[in-house]
**Q** 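Okay, handing you the structure first.
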Amino acid sequence: MAMSIGKYLPEELISEIFYRLPVKSIGRCRCLSKHWRNFLSHPQFIKLHFNLHVHTQEEKLIIVTWRSELHTITLIHDILEDESIDSISTKVNFQHLTHNWISVAGSCNGLVLVIDRDNVQFLINPTTLEYHKFPVFDWALPPKTSCYMYGLGYDIVSDDYKVVSLSYRDTNNEFMSNTYVDLYSVRKGHWETLGVSPYDHSLTDRASGVLVNGALHWLACRTVEYSTAIAAFDLSVDKFLEVPGPIDLQDNCFMCNLATLKGCLCISTSLPRDINTVTFWIMKEYGVKESWTKFEIIEPSLDDSLSTLLCSITDEDDVLLEVDEEWVVYNLKENRRKDLLIDVNPVTYEARTFVDSLVSPYFGNETEGSCLV
């Protein structure tokens with residue numbers, strides 16, 4: 001059938017048709033013939049297909065459940081429903097892998113970084129069900145007695161996906177601790193030790209790196225002044241830089257968390273004195289201190305709850321809040337909240353967004369994974 005199509009349609013037209021198909025349809029078309037499979041799996045096709053669909057794809061959530069399973073969450077927007085948003089959860093099953101997950105540590109271009117109970121890292125594509133298991137590494141600190149944070153991002157300069165690992169000794173915040181930095185290159189397929197971070201990451205809450213503008217961001221502490229800072233690991237040069245924070249936030253960063261909102265770096269806080277208010281700042285122009293813009297969500301229904309802004313989930317001004325171990329979707333334009341209903345119990349109330357894509361979690365390297373689109 002594939003050959004007969006090629007006889008009657010120009011190859012350029014066939015390519016244009018394939019570029020416009022959704023990811024699931026591409027997966028089925030790969031089964032037509034070896035020729036189409038090779039064409040539809042080529043890195044150039046995958047990159048062009050992603051660039052064409054990235055701004056129109058609906059974002060989904062991915063979580064770890066209390067059964068240590070991975071589930072994707074698809075939101076169902078019903079304009080007739082005023083109080084809640086329903087959803088569909090789908091368990092992510094990989095061949096030859098057991099359900100032993102503890103954390104979703106990052107996402108980028110349809111790829112998701114997940115960690116299992118043995119501190120083994122996997123880069124997965126929840127849509128194509130391809131996965132790449134990272135090799136064993138001689139860590140600077142033993143994982144079982146240390147604290148680890150991760151971040152996933154894409155380096156446009158080297159066309160490589162990179163994972164940053166930050167580790168420090170668990171001292172219960174009694175004193176400052178060296179934070180060790182390790183870097184994994186997906187293209188090269190190996191870890192590299194970069195040394196000690198110029199910041200202390202042990203005094204802020206453990207969190208995954210927030211990807212904005214080609215850098216992974218963490219709230220950290222300066223080792224000299226002992227004040228809070230936004231530490232940005234630039235993936236193009238593999239070094240930490242510093243991003244200026246909002247002037248009026250000062251040292252309240254210890255009560256804050258970082259997120260991304262419509263592609264911009266965002267800081268949110270729910271301080272005890274503003275118990276029914278979620279305050280957040282958005283850096284509208286990356287790296288420009290004066291571009292930080294303050295917003296507030298004043299919602300009486302939050303009562304005496306502490307709320308955290310997790311992420312934006314649509315282009316319609318919807319953000320996901322964690323409110324007393326429940327998820328709430330809040331529309332910033334309409335100042336309206338809706339409870340998010342899910343039929344699984346997450347192990348922690350953290351969530352990552354991702355989009356369907358054909359991006360492979362490895363670059364021509366042998367993989368342990370399989371493609372079951």
**Q** Considering only residues two or more places apart or on different chains, which pairs with a residue in residues 97-113 satisfy salt bridge (Lys or Arg N to Asp or Glu O under 4.0 Å)?
**A**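 Listed by first then second residue: nothing to list.
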**Q** Residues two or more places apart in sequence or in another chain: which of them pass side chain to side chain contact (heavy atoms under 4.5 Å, CB included) with Glu290?
**A**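 With neighbours one apart ignored, the set is Val288.
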**Q** Which of these, Asp234, Asp182, Asp238, sits in a salt bridge (Lys or Arg N to Asp or Glu O under 4.0 Å) with Lys162?
**A**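 Only one option passes, and that is Asp238.
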**Q** Any side-chain heavy-atom pair from Tyr199 and Ile230 closer than 4.5 angstrom?
**A**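 The answer is no, as the side chains (C-beta and beyond) never meet within the 4.5 Å cut-off.
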**Q** What pairs with Val355 under side chain to side chain contact (heavy atoms under 4.5 Å, CB included), at least two apart in sequence or on another chain?
**A**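 For Val355 the side chain to side chain contact (heavy atoms under 4.5 Å, CB included) partners, ignoring immediate neighbours, are Phe50, Gln57, Glu59.
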**Q** Taking only residues two or more places apart in sequence or in another chain, which ones pass side-chain hydrogen bond (donor to acceptor under 3.5 Å, both in side chains) with Asp356?
**A**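 Lys60, Thr127.
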**Q** For Asp343, check side chain to side chain contact (heavy atoms under 4.5 Å, CB included) against everything at least two apart and list the hits.
**A**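 Counting only residues at least two positions away or on another chain, Asp343 forms a side chain to side chain contact (heavy atoms under 4.5 Å, CB included) with Ser89.
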**Q** Quick one: sort the Tyr184 and Trp191 rings into parallel, tilted or perpendicular, breaks at 30° and 60°.
**A**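 Plane angle between 30° and 60°, so tilted.
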**Q** For the residue pair Val243 and Met283, establish whether any side-chain heavy-atom pair is separated by less than 4.5 Å.
**A**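 The answer is yes; the side chains approach within 4.5 Å.
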**Q** Kindly write out the residues that satisfy ring pair (Phe, Tyr, Trp, His ring centres under 6.0 Å) with Phe45, not counting sequence neighbours, or none if the list is empty.
**A**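 Once residues adjacent in sequence are excluded, the partners of Phe45 under the ring pair (Phe, Tyr, Trp, His ring centres under 6.0 Å) criterion are Tyr19, Phe39, His49.
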**Q** Under the ring pair (Phe, Tyr, Trp, His ring centres under 6.0 Å) rule, collect the residues that match up with Phe280, sequence neighbours excluded.
**A**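 Residues passing ring pair (Phe, Tyr, Trp, His ring centres under 6.0 Å) with Phe280: Phe295.
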**Q** Which heavy atom of His201 sits nearest a heavy atom of Ser197, and at what distance?
**A**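 Answer, listing the atom of His201 first, then Ser197: NE2-OG, 3.1 Å.
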**Q** Excluding sequence neighbours, so at least two apart, what forms side chain to side chain contact (heavy atoms under 4.5 Å, CB included) with Asp116?
**A**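 Residues passing side chain to side chain contact (heavy atoms under 4.5 Å, CB included) with Asp116: Asn100, Trp101, Asp118, Val120, Phe122.
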**Q** For Thr293, which residues count as a side-chain hydrogen bond (donor to acceptor under 3.5 Å, both in side chains) partner, sequence neighbours excluded?
**A**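 Scan of Thr293 (side-chain hydrogen bond (donor to acceptor under 3.5 Å, both in side chains), adjacent residues dropped) gives none.
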**Q** Determine, stepwise, if the pair Arg117 / Ser68 fulfils side chain to side chain donor-acceptor pair (under 3.5 Å).
**A** CA-CA 9 Å; Arg117 293 190 181 278; Ser68 301; 2.8 Å; yes
**Q** With a cut-off of 6.0 Å (strictly less than), are more than 12 heavy atoms of other residues, nucleotides or ligands near CD1 of Ile156?
**A**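 Check fails, neighbour count at 12 or below.
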**Q** Report the residues that fulfil side-chain hydrogen bond (donor to acceptor under 3.5 Å, both in side chains) with Asp138, sequence neighbours left out, ordered by chain and then residue number.
**A**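 side-chain hydrogen bond (donor to acceptor under 3.5 Å, both in side chains) list for Asp138, sorted by chain: empty.
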**Q** Going by heavy atoms in the side chains, are Leu111 and Val186 under 4.5 Å from each other?
**A**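 Leu111 does not reach Val186 side chain to side chain.
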**Q** Which heavy atom in Leu40 sits nearest to a heavy atom in Cys29, and how many Å separate them?
**A**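 Distance-wise, the nearest heavy atoms are CD1-CB, 3.7 Å.
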**Q** Consider only side-chain N and O atoms of Asp160 and Ser185, and report whether a donor and an acceptor are under 3.5 Å apart.
**A**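 Their side chains do contain a donor-acceptor pair, which is all the 3.5 Å distance test asks for.
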**Q** Could you list the residues that satisfy side-chain hydrogen bond (donor to acceptor under 3.5 Å, both in side chains) with Glu16, not counting sequence neighbours?
**A**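 For Glu16, the residues satisfying side-chain hydrogen bond (donor to acceptor under 3.5 Å, both in side chains) (neighbours in sequence not counted) are Arg20.
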**Q** So, using ring pair (Phe, Tyr, Trp, His ring centres under 6.0 Å) as the criterion, who are the partners of Tyr150 when residues are at least two apart?
**A**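 Applying ring pair (Phe, Tyr, Trp, His ring centres under 6.0 Å) to Tyr150 gives none.
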**Q** Is any side-chain heavy atom of Val92 closer than 4.5 Å to a side-chain heavy atom of Thr72?
**A**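 Touching, per the 4.5 Å side-chain cut-off.
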**Q** May I have the step-by-step check of side chain to side chain donor-acceptor pair (under 3.5 Å) for Tyr154 and Asp159, ending in yes or no?
**A** CA-CA 7 Å; Tyr154 175 68; Asp159 186 28; 2.5 Å; yes
**Q** Do Ile62 and Ser107 come close enough that some side-chain heavy atom pair is under 4.5 Å?
**A**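 Not touching, per the 4.5 Å side-chain cut-off.
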